Each structure stands twice: as C-alpha cells, then as structure tokens.
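Working notes, structure below.
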Amino acid sequence: MSETTTEKPTADEGVHGERILLENLTKRYAGQDAAAVDSVTMEIPAGEIVMLVGPSGCGKTTTMKMINRLIEPTGGRIFIGDEDVTDTDADDLRRRIGYVIQGAGLFPHYTVGQNIAIVPKLLGWDKKRIAARVDELLELVNLESDQYRDRYPRELSGGQQQRVGVARALAADPPVLLMDEPFGAVDPITRQRLQDELMRLQEELRKTIVFVTHDFDEAVKVGDRIAILDVGSEIVQYDTPENILANPANEFVEGFVGHGATLKQLTLTRVRDVELHEAAVTTIGGDPAAAAETARSMGREWVIVLDDQQRPQRWVSVKDLQRPGALDKVARDQDLEVISRASTLNDALDQMLTSSHGVVVVTGRRNKYEGVVRVETIMEAMQSLQSAASSAAPVSSADAGDEGSAGSGAAQ
C-alpha cells in the first residue's frame, strides 16, 4: 500500500481548482496477479501542478486516467473537492475535467474553433457564449483568434496543435486538468515553449493539474510537487522539487535525480524571482527618431518594438530606425527570444545562448512586455546557488529517509 496525505489548503480566492483525494485507489486487470495500481492514497492540493513520474509500467497513467474514469477503478474512492465522484456518471464527470494528451488529439475534420467548442456544445451553451469563449481561449494560448479560429489541425504546427488542445481542455472552465505526457511529441525547443506557456497560464488560472511525464527535468521545472512512483504506483516520494533534489528518499529516487542536482537548482529559480532590466522600447507606428534617441540615451544599439497591446514583436537596430517609416509596418519575428515570468533561469540561459543581444525579453500576462533579463543576472544567480550548495551541511542517509520520504512535503 502507498499512502500520502496533505492538509486541506487554506481557501484562496485566486485558486480556481479543487483538491483531488485518492483513497486506496486500486486497479486490477483480469488474468494478472499483481495490481496495476495498488491501493494508492494521495491528496493533490487545489490550484497546484502535481507531476507523476516513474518508470514505464509503474501505473502513473493508469492512476491519472482513473481520476476522470477513463479507466474504472476496481477499488477505492475518488474525491474532487468534497464530492465523491467514484460512482457518478462517467460522461458527466469527464465534461467537468479537462484532458490533454500527447499530440493534442484534435478532430481533423473540425476547425480549431469547432474543436474548442465541443464540450460547451455538449453542455448546452448558446452560440454567442461559445463563440466568445473560443476567441477568449485562443487569445489566452497566444493564437490570434481571427487568424486561427477557422483553420484545420493539419494547417497548424505541432506546437500550435498542442496549444489548441490545451484551449479545448479549458473550454468549460474545469477546476481540474489532466495532462498525459502532453509535450512528448514535439521538438525540444517547442516543448520548452509549451512548458513556459503552461506555467504562464497556471499563474493566471490556478487550476488543479495532474501531469504525467517520464522526464524528471520537466517535472522539476513545471511541478509544484512531484510524486515519484514505482511498480503498482507505489509512491516512493511525494514532495516539492526543491526537497526531492536536496533530500532524495532512497537510491531509486536518486536514480531519477541523476547527476547535476546542483545545476538542476537553476531550474527551480524563476524569472519572477530576479530583478528585470529595462530595454529601449517603442511601438508600431511610433516616431523612429524618438526611439533612436531613447536607445542612445540608454547606451543601447537595439530597440524592442511592441504592438498596440504591448506585446513584443521584434528587435530593430538604431541604424534601421534612420529609415523613413521604419516603424509604420513591423512584422512579428517568429524567432524572437521571449520568455515569461514563470520561465526558469535555465530557460533564460538557453535563450540567451541563441540570441545576439545578450538579453532575453520577458513577458507577463497576455504576453505584455515587462523587461529583459541580462546574462549578468543569470551568472549572479548561478554563483549564489553554488555558494548555497557548498555551504549547506551534508544530510545523513537516515535524515534523508525521514525528511524526504513519501508524503513528507505534502503536508506543507
């Protein structure tokens, strides 16, 4: 039996999710001696992202799918909020829970708008309300509604399809979102951007998210808590990323942490935790001469051009600003290095390594410009982390077992 519980979190007006409680949840398949999921008890706090990590066949996906009853449990109970949903109508339950899978799973013969509208239609929303919700969600996941609403999935990139998949899962504003390796089928750069996008959305939406991944680095980056599972969904350790990196419960967990735990600490520091710097900025349709003068007064050679919603579009050099009408029409640079306040310093460093500006642009809600991160800031953070790691007292194996055991971080 695996067991870990948490105290119910204090009510928070900013939290739009509900806690999930699994009590002795079990799944046995006919003809198999061992249970696929063996009497798991755990509580997932409202408004948090909990990552389920473990080797292939450990039961992490089965555990998650039992929450929305895509797989029916053979024992145990499931609570969402204070409601026992174990025996409620499964179709009704699934309409109240968002679900995102690898590859988005969009219906190819439906447009983007029609895909997003599926659950609201099933719930009987009127056409005007559905149309407004589709447009709202496309803007939320950074896809222009006028540009993408009537496209078909085949006309989108993999990253764009995944964004639509997230929008569809959020269509009826569910309190709970289940994500089954959602970013596993895209390239590494797109994966990083989608992770950033999810964290940015979560800052705004505060849903309760259960996220299955095989990638421990992804779990450290995205999760508020990580549950490391072994065969039968045995919870070996359930804690915050910080505590798991600092105090792995046993050798099994150490295998997931791997080498470079100190470097992984850079993944725990968010852009919002460091000081942002100001760059020279202007807007589309602005005065090129004034923009150039602003840049020179700051000792800058480049200016960030923003649109009318304060979203960064591209860098323009002071030299190019000397051309008449240089700011009249400015197309967005699709390769512009941009991160969100929820991004990690590790992501910021990766972006800087491909940038020729020595800084990376930071955006907040709805992709509004907030400032830039400089390479000096990253280096100072790395030095601070290394100093903290070298001065930390070593933890004995006994202490690590006590402090980092399953459930140790769940009651915080």
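Note that this is a predicted model, so its numbers are computed, not measured.
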**Asked** Hey, are Glu144 and Arg163 close enough for a salt bridge, meaning a charged N less than 4.0 Å from a carboxylate O?
**Response** no

**Non-hydrogen side-chain atoms of Lys221 and Gln192 separated by less than 4.5 Å** = yes

**Request:** Check the pair Val112, Asp150 against side chain to side chain contact (heavy atoms under 4.5 Å, CB included), reporting the backbone distance first and the verdict last.
**Result:** CA-CA 6 Å; Val112 165; Asp150 298 321; over 6 Å; no

**Message:** Could you report the tightest heavy-atom contact between Val362 and Ser340, atom names first, then the distance?
**Reply:** CG1-C, 4.1 Å

**Asked** Does Lys207 use its side chain to pair, donor to acceptor, with the backbone of His16 at less than 3.5 Å?
**Response** no

**Fill in**
Tightest non-hydrogen contact, residues Ala167 and Ile116, listed as CB-CD1, 3.9 Å

**Closest contact, heavy atoms only, Val37 versus Gly59** = CG2-O, 3.8 Å

**Message:** Counting neighbours of CZ on Phe252 that are heavy atoms of other residues, nucleotides or ligands and sit closer than 6.0 Å, is the number greater than 12?
**Reply:** yes

**Request:** Please step through side chain to side chain donor-acceptor pair (under 3.5 Å) for the pair Arg168 and Asn115, ending with a clear verdict.
**Result:** CA-CA 7 Å; Arg168 182 176 67 178; Asn115 267 283; 3.3 Å; yes

**Message:** Please check: side-chain N/O of Asp273 versus main-chain N/O of Arg270, any donor-acceptor pairing under 3.5 Å?
**Reply:** yes

**Fill in**
CG of Leu349 to OG1 of Thr377, rounded to nearest 0.5 Å, is 12.0 Å

**Request:** Answer yes or no: is there a donor N or O on one side and an acceptor on the other, between the side chain of Gln162 and the main chain of Pro182, under 3.5 Å?
**Result:** yes

**Prompt:** Any Lys/Arg nitrogen of Asp239 or Arg225 sitting under 4.0 Å from an Asp/Glu carboxylate oxygen of the other?
**Reply:** no

**Message:** What's the separation between atom NZ in Lys27 and atom OG in Ser233, rounded to the nearest 0.5 Å?
**Reply:** 13.0 Å

**Prompt:** Does Lys121 come within less than 4.0 Å of Asp126, counting only side-chain N to carboxylate O?
**Reply:** no

**Message:** Can you confirm if the NZ or CZ of Arg300 lies within 45° of the ring axis of Trp302 and under 6.0 Å from the centre of its six-membered ring?
**Reply:** no

**Item:** Note: Arg314-Asp320 ion pair, threshold 4.0 Å (strictly below)
**Value:** no

**Prompt:** Atom OH in Tyr369, atom CG in Leu276: separation rounded to 0.5 Å?
**Reply:** 8.5 Å

**Prompt:** Take atom CD in Gln147; do more than 12 heavy atoms of anything else shown fall under 6.0 Å from it?
**Reply:** yes

**Request:** Would you check if there is a donor-acceptor pair between the side chains of Thr344 and Asn346 at a distance under 3.5 Å?
**Result:** no

**Asked** How far apart are the closest heavy atoms of Ala279 and Ile304, and which atoms are they?
**Response** CB-CD1, 3.8 Å

**Asked** Asp196 and side chain to side chain contact (heavy atoms under 4.5 Å, CB included): which partner among Asp347, Val338, Leu201?
**Response** Asp347

**Request:** Could you tell me which non-hydrogen atom of Thr283 sits nearest to which non-hydrogen atom of Leu327, and how far apart they are?
**Result:** O-CD1, 4.0 Å

**Asked** Do the charged groups of Arg94 and Asp91 touch, with an N to O distance under 4.0 Å?
**Response** yes

**Item:** Between CD on residue Gln237 and CG on residue Asn247, distance to nearest 0.5 Å
**Value:** 8.0 Å

**Item:** Carboxylate-amine/guanidinium proximity below 4.0 Å for Arg272 and Glu203
**Value:** yes

**Message:** Closer than 3.5 angstrom, by distance alone: can the side chain of Thr26 be matched with the main-chain N or O of Gly76 as a donor-acceptor pair?
**Reply:** no

**Prompt:** Is any NZ, NE, NH1 or NH2 atom of the basic residue among Arg374 and Glu380 found under 4.0 Å from an Asp or Glu carboxylate oxygen of the other?
**Reply:** no

**Under 3.5 Å donor-acceptor, Arg19 side chain and Ile44 backbone** = no

**Complete:** Which of Leu93, Asp87, Asp92 passes side chain to side chain contact (heavy atoms under 4.5 Å, CB included) with Asp89? Answer is Asp92

**Message:** Other residues, nucleotides and ligands only: do more than 12 of their heavy atoms fall within 6.0 Å of CD on Glu301?
**Reply:** no

**Prompt:** Going by an N to O cut-off under 4.0 Å, is there a salt bridge joining Arg191 and Glu218?
**Reply:** yes

**Prompt:** How long is the gap from CD on Gln114 to OH on Tyr152, to the nearest 0.5 Å?
**Reply:** 6.0 Å

**Item:** Student check: side-chain heavy atoms of Leu306 and Pro312 closer than 4.5 Å
**Value:** yes

**Donor-acceptor under 3.5 Å (Ser343 side chain, Ile339 main chain)** = no

**Message:** Regarding Lys368 and Asp307, does a basic nitrogen lie under 4.0 Å from an acidic carboxylate oxygen?
**Reply:** no

**Asked** Considering all heavy atoms of both residues, which atom of Pro174 and which atom of Ala169 are nearest to each other, and what is their separation?
**Response** CG-O, 3.3 Å

**Request:** Start with the C-alpha gap between Thr213 and Asp215, add the side-chain angles, then the distance that decides, and say whether side chain to side chain donor-acceptor pair (under 3.5 Å) holds.
**Result:** CA-CA 5 Å; Thr213 182; Asp215 185 341; 5.5 Å; no

**Any side-chain donor near an acceptor of the partner, Glu197 and Asn142, under 3.5 Å** = yes

**Fill in**
Output for pair (Glu18 CD, Arg96 CZ), nearest 0.5 Å, gives 8.0 Å

**Prompt:** Using 30° and 60° as the class limits, which term best fits the ring planes of Phe107 and His109: parallel, tilted or perpendicular?
**Reply:** perpendicular

